[in-house]
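Worksheet for the structure shown next.
Per chain, numbering begins at 1; letters A, B, ... match sequence-line order.
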Amino acid sequence: MAIPPCCKVRAREFDLKRTLESGQVFHAMPVGKGWQVLADRTPFYIEQDGEWLLVEEGREELIARYFSFDHPLEVIYEEFPKDSFSTAALHSCRGLRIIRQPRWECVGTFITSPMKQVSHIRQISLTLRERYGKKVPGSLINAYPTPDALAALKEEDLRDCKLGFRAKGLLGTARAVAEETIDLEAIASLPTPEVRKALCTLPGVGRKVANCILLFAYERLDAVPVDVWIGRILLAMRKRKGSNLTLEKYSARKFGIYAGYVQQYLFHHARITKTLPAA
DNA sequence: GACCAGGTGCCAG
DNA sequence: CTGGCACATGGT
């Protein structure tokens with residue numbers, strides 16, 4: 001595939017590969033030395049060489065916003081917990097940024113995430129895009145299917161995309177959004193607990209998925225999704241039993257206003273190294 | 001084949 | 001509030 005005219009942009013504290021592979025978005029395609037990415041309906045090619053980014057001319061602003069170049073990583077790193085596991089996570093994930101995702105795409109993909117590995121979530125996302133998403137000129141990847149497109153399907157169609165028991169939730173949620181039972185844009189102005197409450201009314205969205213959506217699509221950088229990995233990590237740090245909700249509150253106290261960032265580094269580090277904090 | 005994966009919903013105690 | 005169970009699918 002031909003690579004369009006490019007320009008160089010300096011990016012500080014940014015690691016493209018880590019960011020794209022850390023279980024936030026699930027569609028990015030390796031192409032040549034870089035990646036093809038779709039920010040909602042806008043495709044772009046991006047390639048990293050040290051501090052420099054090769055990006056398509058005219059897409060600089062969109063890319064800066066998508067990858068949250070405005071997040072103050074230096075500040076976040078200073079406030080990082082000082083225990084050895086967190087320090088190791090910081091070093092092995094430095095440059096990982098929380099992506100600003102389209103709201104509906106984030107809701108949809110994380111409804112398909114329960115009890116699935118990252119690679120499976122990716123397969124499901126790509127199948128849904130392939131079958132039900134709009135083609136985007138100049139992009140290998142289709143757009144994420146709209147709520148209307150999914151709302152028109154049968155549960156069987158979604159099960160055929162290997163969603164399993166998650167099909168019912170995605171269909172129900174697509175219909176709720178299509179019928180305007182919930183307005184994913186309007187709730188963005190509410191305080192975090194109220195956004196979470198609204199999201200949790202959707203079928204297939206519980207506390208963990210809601211926190212993923214808050215972190216990745218509503219800029220709530222203090223939101224901590226407690227999955228099996230984070231659960232085990234926090235349990236080891238806290239050194240005593242507790243429910244996921246207890247662990248989430250513990251992490252809020254311990255990690256502060258950027259707890260979601262800390263969580264993402266711990267998650268990615270544990271996953272790639274297959275290690276946990278020492279008991 | 002068992003075991004596990006970025007859980008949720010529902011039910012009992 | 002907590003614990004227990006069913007729910008699909010694919011990879012070690």
Side-chain angles (χ1 to χ4, degrees), chain A residues 18-28 89 93 96-99 101 105-128 131 153-176 182 196-218 220-236 238 240-251 255 259-276:
Chain A
R18 284 175 188 157
T19 298
L20 288 176
E21 292 184 340
S22 62
Q24 301 184 58
V25 296
F26 304 88
H27 67 278
C93 300
L96 195 172
R97 286 178 179 271
I98 300 293
I99 295 173
Q101 284 187 49
E105 175 182 327
C106 187
V107 169
T109 54
F110 278 94
I111 284 175
T112 66
S113 75
M115 302 305 292
K116 279 277 167 204
Q117 293 184 344
V118 169
S119 61
H120 299 154
I121 303 167
R122 174 178 168 83
Q123 285 174 12
I124 290 170
S125 167
L126 293 176
T127 304
L128 289 174
R131 295 193 186 174
L153 301 176
K154 308 277 191 205
E155 189 179 321
E156 280 310 301
D157 300 324
L158 291 176
R159 285 186 177 257
D160 198 49
C161 297
K162 308 302 179 189
L163 268 74
F165 60 79
R166 303 156 197 83
K168 189 187 290 276
L170 183 58
L171 184 58
T173 293
R175 290 185 173 162
I182 186 171
R196 183 186 290 118
K197 193 190 294 181
L199 292 171
C200 285
T201 64
L202 298 168
V205 179
R207 178 126 193 151
K208 187 271 171 184
V209 168
N211 284 343
C212 284
I213 299 166
L214 284 165
L215 177 60
F216 300 137
Y218 286 87
R220 310 304 161 105
L221 301 184
D222 56 335
V224 174
V226 181
D227 68 348
V228 287
W229 282 101
I230 293 299
R232 290 195 287 243
I233 291 166
L234 293 176
L235 221 44
R238 185 165 172 270
R240 56 195 165 98
K241 286 191 220 179
S243 65
N244 280 0
L245 188 55
T246 306
L247 293 172
E248 185 186 324
K249 291 182 174 160
Y250 165 78
S251 74
F255 300 158
Y261 252 98
V262 175
Q263 167 278 149
Q264 191 65 15
Y265 279 53
L266 299 179
F267 170 78
H268 193 55
H269 177 66
R271 215 166 61 82
I272 59 184
T273 63
K274 299 188 197 304
T275 59
L276 290 173

Correct closest heavy-atom pair for A/Cys106 and A/Cys212 would be SG-O, 4.3 Å
Nearest atoms (heavy-atom pairs only) where A/His268 meets A/Arg18 | NE2-O, 4.2 Å
When every non-hydrogen atom of A/Phe267 is compared with those of A/Ile233, the smallest separation belongs to N-CD1, 4.4 Å
State, with a plain yes or no, whether a side-chain heavy atom of A/Ile124 is found less than 4.5 Å away from one of A/Ile121.
-> no
Side-chain ion pair, A/Asp157 and A/Arg131, N-O less than 4.0 Å | no
At under 4.0 Å between heavy atoms, what does A/Ile124 touch on the DNA or RNA strands: base, sugar-phosphate, or nothing?
-> nothing
Between the base of C/dG11 and the side chain of A/Gln123, is there any donor-acceptor pair under 3.5 Å?
-> no
Stems of at least 3 consecutive Watson-Crick or G-U wobble pairs (donor-acceptor distances under 3.5 Å) involving DNA chain B, listed by first number, are B:2-5 with C:9-12, B:7-13 with C:1-7
Side-chain contact, heavy-atom cut-off 4.5 Å: A/Gln123 with A/Phe26?
-> no
Value in whole Å for how far the P atom of C/dG11 lies from CD1 of A/Ile121 = 14 Å
Look at A/Arg207 and B/dG9 and indicate whether a side-chain polar atom (N or O) is within less than 4.0 Å of OP1 or OP2.
-> no
Could you check whether A/Arg232 gets within reach of a base, just the sugar-phosphate, or nothing at all, counting any heavy atom under 4.0 Å?
-> sugar-phosphate
Report which part of the nucleic acid A/Gly204 touches: base, sugar-phosphate, or nothing (heavy-atom distance under 4.0 Å, all strands).
-> sugar-phosphate
5' precedence on DNA chain C between A/Met115 and A/Ser243 (nearest-nucleotide basis) | A/Ser243
Less than 4.5 Å apart, any side-chain heavy atom of A/Thr275 and any of A/His269?
-> yes
Over how many whole Å does the gap from A/Lys274 atom NZ to B/dA5 atom P extend?
-> 10 Å
Using the C1' atom as the reference point in each nucleotide, state the distance between B/dG6 and C/dT2 in Å, no decimals.
-> 23 Å
Residue-level proximity of residues 156-168 of chain A to DNA chain C when a heavy atom falls under 4.0 Å | A/Arg159, A/Lys162, A/Gly164, A/Phe165, A/Arg166
If you look at every strand shown and take non-hydrogen atoms under 4.0 Å, does A/Thr109 touch a base, only sugar-phosphate, or nothing?
-> nothing
Quickly work out the A/Leu245 CG to C/dG3 P distance and round it to whole Å.
-> 12 Å
Worked check of side-chain hydrogen bond (donor to acceptor under 3.5 Å, both in side chains) between A/Thr109 and A/Thr112 = CA-CA 5 Å; A/Thr109 54; A/Thr112 66; 5.8 Å; no
From the candidates B/dT8, C/dT2, B/dG6, the one with an atom nearest any side-chain atom of A/Trp229 is B/dG6
Choosing from B/dT8, B/dG6, C/dT9, which nucleotide comes nearest the side chain of A/Lys116?
-> C/dT9
Interatomic distance where CG belongs to A/Leu170 and C1' belongs to C/dC7 [whole Å] | 16 Å
Between atom CD1 in A/Ile230 and atom C1' in B/dG7, what is the gap in whole Å?
-> 15 Å
Could you tell me the separation between the NE2 atom of A/His268 and the P atom of B/dA5, rounded to a whole number of Å?
-> 17 Å
Quick note, A/Thr246 side chain, CB onward, closest among B/dG7, C/dT2, B/dG6 is C/dT2
Provide the closest heavy-atom pair for A/Arg122 versus A/His27 in the form atom of the first, atom of the second, distance.
-> NH1-C, 3.6 Å
Would you say the side-chain atoms of A/Gln101 pair up with the backbone N or O of A/Gln24, donor to acceptor, closer than 3.5 Å?
-> yes
With a non-hydrogen cut-off below 4.0 angstrom, is A/Val226 in contact with a base, only sugar-phosphate, or nothing?
-> nothing
Do we see A/Phe267 stacking on the base of B/dG6, given a limit of 5.5 Å between centres and 30° between planes?
-> yes
Grab the CG-P distance between A/Leu247 and C/dT2 for me, whole Å please.
-> 10 Å
Indicate, with a heavy-atom threshold strictly under 4.0 Å, whether A/Gln264 touches base, sugar-phosphate, or nothing.
-> base
Length of the CG-P vector between A/Leu171 and B/dT8, whole Å = 19 Å
Would you kindly compare A/Pro203 and A/Phe216 by the position of their nearest DNA chain B nucleotide and give the one closer to the 5′ end?
-> A/Phe216
With nearest nucleotides of DNA chain B determined for A/Cys200 and A/His120 from heavy-atom distances, which residue corresponds to the more 5′ nucleotide?
-> A/His120
Could you pull out the closest heavy-atom pair between A/Leu247 and A/Leu234, with the gap in Å?
-> O-CD1, 3.6 Å
